[in-house]
Amino acid sequence: MRTIRKKISFFLLCLVLIWPLSSVETAAAFRIPGTCQIQADDGAAAAVKTLDCDYANNTYFSLRDIAVLLKGTEKAFSLEITKSAVALTPGGEYVPVGTEAIPWENIFSEEEALPEASLRRNEFKINGEAVSYYTMITNLPSGDYDCFITAADLAMILDVNIATLAEGSLQIRTQEPLSVSPEELERAGYFYGVNSVLAGDATTGEIYYQYQADMSYPIASTSKLMTCLLAMDAISAGQLKREDLITVSQAAALLSESSDGVIPMEAGQQITVQDLLTGALLPSSNECALCLAEAVAGSEEVFVELMNQKAAEIGLSQAVFFNSNGLPVYTQDPIPAKRQNRMSAEDMFRLVSYLLNVYPQVKEITSQQIAALESLELEVRNTNPLLRNLPQVTGLKTGTTNKAGACLVTSLAADDGAIDHDLVVVVLGTEDSAERGRVSGLLARYALDTFYAGSEERQGSQTVIPGPLPVQAEAAVDWILKTAIHERPQ
């Protein structure tokens, strides 16, 4: 019954993600102003200002208008908005500025142009804690600012379900926590703009949901997960130590100076293995990945052979690697081919399952929002946006190229009362980083809901818990490959 209710309630939210606004008649432009009728629960509807970004129905809603609408409900919040920052406090008392629920045409005259409002990752805090969402902030004639956000992001922030009542009319159901049904999203066409997605439990091998997960796609910098896996293998074998100093090669220094450089490096400089791992995983340093490859194998060419060997060893049937970092690789032909590392979402799930089970200490790196590279006297930030939005997130890796699109592999901590689990969400090939975070955030919540719903169903029944993993990586591979990966019944 609970599953049916969740599917029905989120089907309505699916419609919100693709619903048409009746007020929008303008052709696609950078910003299309409009109005939507929204009601809280069964209350009276109020006009909420909207901005469609680039395309009709890519709709962002006024936070100020919604703050007034939700006053007196369990999801009331206060707001402070400046030119580039938003502070939202759940349960706070919102103080209106006088422009709420007033249509655009009554705020700006025909002679006044709508002020600039770029879609970007503005500073956003909830209860004083930084989160990561894409928003548009615009200034109002009163001198105040308003912030515009998507319905999906608002639902995740407030933990509410949002339903379509009629064309151009929504309902915020403050009594219902957000529930996500990827099957309904798929039927609504939500994943048409994504190469593939997968959500599952890396500890047991159970796959909760997948879309085009058996097809091979470019994976960009998520390739660095394999690079770091091989580096950890070398550490485990005694070939390297975390405190070893690695000398930066001329090739790594040149990469650092290029447009794909992330961390400044000079040839001859020495960096610890630990800092190279952190640099590759957090800010996604291409030069750190190259340094690791050269430290493990002597050259990137030999290291790539090891990457492909490891892929075959752990059963990645569609994985192919050309370099250690995921950047495009040009051949030396007169008409050069432009090749990129590839694998399927299923392969990525298998790779991450292996990595998390054999080297769970990788999460000590990837769970950090900010880290210090002591040998470089440099502080770096994690590129994973979900670390700031969900407390259960422990990693793992972002990736972006023009061909691969925006990719994100997310790991989440879960506990069934007997053992700790690592849940994994793989999202490959979204059109931009804003959508990458949104798709991953929705699926992360779905994975957590599915896991804990399953834990409730298993209470009172006998649960088979796998024994401890073998210490040696080779034996662990056999354990993982023997773990049944099966579809969760729909």
Side-chain angles (χ1 to χ4, degrees), residues 17 24 28-34 48-67 77 79-89 97 99 104 108 113-140 143-158 193-194 220-221 259-260 262 282-284 369-370 380-390 393 398-402 404-408 410 427 429-442 444:
L17 299 175
V24 174
F30 183 69
R31 288 168 298 135
I32 308 172
V48 171
K49 291 183 290 298
T50 64
L51 288 175
D52 285 12
C53 183
D54 286 331
Y55 302 97
N57 302 326
N58 186 25
T59 307
Y60 290 69
F61 299 83
S62 164
L63 265 181
R64 288 198 180 278
D65 290 358
I66 291 173
F77 58 86
L79 275 176
E80 293 181 14
I81 306 174
T82 64
K83 185 177 182 180
S84 59
V86 180
L88 186 152
T89 304
V97 298
T99 57
W104 288 111
F108 296 96
L114 194 65
E116 184 63 32
S118 299
L119 179 62
R120 60 180 182 172
R121 196 178 286 155
N122 292 289
E123 180 183 328
F124 202 125
K125 291 184 177 180
I126 299 177
N127 272 334
E129 296 292 328
V131 293
S132 181
Y133 293 97
Y134 278 82
T135 58
M136 289 187 284
I137 294 179
T138 185
N139 59 309
L140 304 170
D144 299 295
Y145 291 88
D146 199 355
C147 175
F148 291 77
I149 193 167
T150 66
D153 288 344
L154 181 66
M156 288 189 279
I157 290 172
L158 299 181
V194 180
S221 283
S259 60
D260 292 313
V262 177
L282 264 63
S284 197
Q369 292 190 27
I370 300 174
V380 294
R381 293 179 60 84
N382 201 320
T383 57
N384 185 349
L386 293 195
L387 272 174
R388 299 164 180 85
N389 298 352
L390 278 172
V393 172
T398 58
T400 306
T401 65
N402 290 338
C407 308
L408 177 57
T410 304
V427 174
T430 64
E431 63 181 18
D432 55 35
S433 56
E435 194 62 21
R436 170 178 68 186
R438 193 168 296 125
V439 174
S440 298
L442 290 168

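These numbers come from the heavy atoms of this one structure, side chains and all, not from hydrogens, waters or symmetry mates.
Side chains of Thr383 and Ser284: a donor-acceptor N/O pair is absent below 3.5 angstrom, by distance only. No hydrogens or angles considered: nothing links the side chains of Thr398 and Arg436 as a donor-acceptor pair under 3.5 Å. Side chain to side chain, Asp52 and Thr59 meet the donor-acceptor criterion of an N or O pair below 3.5 Å. Between the side chains of Ser433 and Tyr134, at least one donor N or O lies within less than 3.5 Å of an accepting N or O.
Between Val86 and Tyr145 the shortest side-chain heavy-atom distance does not fall below 4.5 Å. Side-chain contact between Tyr60 and Asp153: absent, with no pair of heavy atoms (C-beta onward) separated by less than 4.5 Å. In this structure the side chain of Lys83 never reaches within 4.5 angstrom of the side chain of Asn139, judged on heavy atoms. Contact annotation: the side chain of Leu88 approaches that of Phe124 to within less than 4.5 Å [non-hydrogen atoms, C-beta and beyond].
Taking Phe148 as the reference, Trp104 meet the ring pair (Phe, Tyr, Trp, His ring centres under 6.0 Å) condition, with sequence neighbours excluded. For Asp146, the salt bridge (charged side-chain N to carboxylate O under 4.0 Å, His left out) test picks out no residue, with sequence neighbours left out.
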Notebook entry, point to check: Does the pair Glu123 and Ser84 meet the rule for a side-chain contact (heavy atoms from CB on, under 4.5 Å), with working shown?
Noted result: CA-CA 6 Å; Glu123 180 183 328; Ser84 59; 5.9 Å; no
Check: Which is it for Glu129 and Ile126 under the side-chain contact (heavy atoms from CB on, under 4.5 Å) test, yes or no, and what are the steps along the way?
Finding: CA-CA 5 Å; Glu129 296 292 328; Ile126 299 177; 5.8 Å; no
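One distance of note links CG of Asp144 with CD of Glu80; it measures 12.0 Å at 0.5 Å rounding. Separation of atoms OG (Ser221) and CG (Asp260) is listed at 9.0 Å; rounding is to 0.5 Å. Once rounded to the nearest 0.5 Å, the distance linking CD1 of Ile157 with CD1 of Ile149 reads 3.5 Å. For the atom pair Asp54 CG and Leu119 CG, the distance stands at 8.0 Å (nearest 0.5 Å). To the nearest 0.5 Å, the span separating CZ on Arg31 from CG on Asn58 amounts to 13.5 Å. One distance of note links OH of Tyr133 with CG of Leu154; it measures 9.5 Å at 0.5 Å rounding.
For residues 56-65, the set of pairs meeting the salt bridge (Lys or Arg N to Asp or Glu O under 4.0 Å) definition, not counting sequence neighbours, comprises Lys49-Asp65.
In this structure, the side chain of Thr430 engages the main chain of Ala406 through a donor-acceptor pair within 3.5 Å. A donor-acceptor distance shorter than 3.5 angstrom exists from the side chain of Thr50 to the backbone of Gly34, with no hydrogens or angles considered.
Nearest heavy-atom pair, Asn389 versus Ser132, reported as atom, atom and distance to 0.1 Å: OD1-N, 2.7 Å. When all heavy atoms are compared, the tightest approach of Val48 to Ser62 is CG1-N, 3.9 Å. Scanning both residues, Ala152 and Arg438, for their nearest heavy atoms gives CB-CD, 4.0 Å. Here the closest heavy-atom approach between residue Ser440 and residue Leu408 is recorded as OG-CD2, 3.4 Å. Across Ala444 and Leu390, no two heavy atoms sit closer than the pair CB-CD1, 3.7 Å. Between Gly437 and Leu386, the shortest heavy-atom contact is O-CD2, 3.8 Å.
Other residues, nucleotides and ligands contribute over 12 non-hydrogen atoms within 6.0 Å of the CD atom of Gln369.
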